[in-house]
Every structure is written in structure tokens, then in C-alpha cells.
Amino acid sequence: LLFKLDFIWSKYFSDIPQTNKVFIRFGRFAKYRLGSIRLNRKTKASFITITSMFKDPKIPSEVVDHTIGHELVHYTHGFSSSHPRLHKYPHAGGVVKKEMEARGMEHLYIAYKNWIKQYRKQIMVSR
């Protein structure tokens, strides 16, 4: 995971300084919350957590990369990081999608959207 984080940061977010430590880890298996970023107030470190569902090799790597990129957009916009907050809400007006497109990550967003459609269908069938 750290390799993926470093790769995505250097390829798409090289203009964003790492102003505090950023860690990444797998969390519990979650069907709906694929990723999150949190700031530890004591240590000032940011923690990106992604669902352990992504350990499954059947999950496309673009989906995992999209999720990491999505959380880095939040970091860039000042959510759970030491950067200044750019918006009142983390998803206000589609800012995550716009930022990802502006950074050349549209292919990851499209791959994620295609996957999530199929994934939601699977979830509905298994209910």
C-alpha cells in the first residue's frame, strides 16, 4: 500500500508538499466505506484507511488507486491534513471529481464508476 501511495503522490500530487506524516493501512472489511482519511490531533499524522476488501486480487487496481487518490484529494483540500481547508465540505459541488480530472486521474475515476455500478448490483443481489 505504501508503494501505491508513494506512486500516486509522485505521479499526480507532486506539487503538494507532505506537511505532516501520512500513513496508509488496510482497515476492516467494509462494503460501503471504501476509504477514509483521519488526522491524529496529538501526533498531527494523517492516516488513510482503505477497506480490506481491496486485498482481493479480483478488485481492479484502478479502483484501489482511485480510492487512494480520492483520499489524497481530501488531504490536498485541507481535510485531515495540515493544509488550509479549501471548502466547507469535503465533497462540495463535486470538487473531488474535478480535482482528480484536473490532475489527470480521469481514467481512474471512470474505472471506479464502472466498477461501482457492477459492485452495487452484486450487493443488491446478495441481500
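Keep in mind that the numbers below use all heavy atoms, side chains included, and drop hydrogens, waters and symmetry copies.
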Single-linkage hydrophobic cluster Ile59~Tyr32, side-chain heavy atoms < 4.5 angstrom: yes
OH-NZ distance between Tyr109 and Lys97, expressed to the nearest 0.5 angstrom: 5.0 Å
Checking Thr51 side chain against Ala30 main chain: does a donor-acceptor pair fall under 3.5 Å? yes
Single-linkage hydrophobic cluster, 4.5 Å side-chain cutoff, Phe23 and Tyr75 together: no
Is there a side-chain contact between Tyr12 and Val73 in this structure, where contact means two heavy atoms from C-beta onward sitting under 4.5 Å apart? no
Heavy-atom closest contact (Val95 atom, His87 atom, distance): CG1-CE1, 3.6 Å
Any chance the rings of His91 and His70 have centres within less than 6.0 Å? yes
Between CZ on residue Phe47 and CD on residue Glu71, distance to nearest 0.5 Å: 14.5 Å
side-chain contact (heavy atoms from CB on, under 4.5 Å), that's the test. Do Arg103 and Asp15 meet it? Break it down for me. CA-CA 10 Å; Arg103 292 183 173 277; Asp15 61 317; 2.7 Å; yes
Distance check, rounded to the nearest 0.5 Å: Leu5 atom CG versus Phe13 atom CZ? 10.0 Å
Set out, in order, the CA-CA distance, both residues' side-chain angles and the distance that settles side-chain contact (heavy atoms from CB on, under 4.5 Å) for Asn20 and Thr43, then state yes or no. CA-CA 9 Å; Asn20 60 314; Thr43 65; over 6 Å; no
Kindly give the heavy-atom pair with the smallest separation between Val96 and Pro90, and that separation in Å. CG2-O, 3.6 Å
Transitively linked via ILVMFWY side-chain contacts under 4.5 Å: Val22 with Phe26? yes
Could you walk me through whether Leu1 and Ile48 pass the side-chain contact (heavy atoms from CB on, under 4.5 Å) test, one step at a time? CA-CA 10 Å; Leu1 278 181; Ile48 295 173; over 6 Å; no
Please say yes or no: joined through hydrophobic side-chain contacts below 4.5 Å, possibly via intermediate residues, are Ile68 and Ile116 part of one cluster? yes
Look up atom NE2 in His83 and atom CD in Gln18, then write down how far apart they are to the nearest 0.5 Å. 8.5 Å
When you measure from the side chain of Ser10 to the backbone N and O of Phe7, does any donor-acceptor pair fall under 3.5 Å? yes
Reported OG1-to-CZ distance for the pair Thr49 and Arg28, which is rounded to 0.5 angstrom: 10.5 Å
Just so I know, are the side chains of Met100 and His66 near enough to count as touching, which here means a heavy-atom distance under 4.5 Å? yes
Okay, side chain of Thr67, backbone of Val63: is any donor-acceptor separation there less than 3.5 Å? yes
Contact summary for Ser52 and Gly27, nearest pair of heavy atoms: CB-O, 3.1 Å
Take Phe79 and Leu39, measure what side-chain contact (heavy atoms from CB on, under 4.5 Å) needs, and give me the verdict at the end. CA-CA 8 Å; Phe79 293 94; Leu39 180 67; over 6 Å; no
Rounded distance (nearest 0.5 Å) linking atom OG1 of Thr76 with atom CH2 of Trp9: 7.0 Å
Among the clusters formed by ILVMFWY side chains lying less than 4.5 Å apart, do Phe3 and Leu108 turn up in the same one? no
List the atom of Gly69, the atom of Ile8, and the distance in Å for their closest heavy-atom pair. CA-CG2, 4.3 Å
Pairing residues for Phe29 by the ring pair (Phe, Tyr, Trp, His ring centres under 6.0 Å) criterion, not counting sequence neighbours: none
For Gly78 versus Arg85, what's the shortest heavy-atom pair and its separation? O-NE, 3.6 Å
What closest approach, in Å, do Ser80 and Ser46 show between heavy atoms, and which atom pair accounts for it? O-OG, 2.5 Å
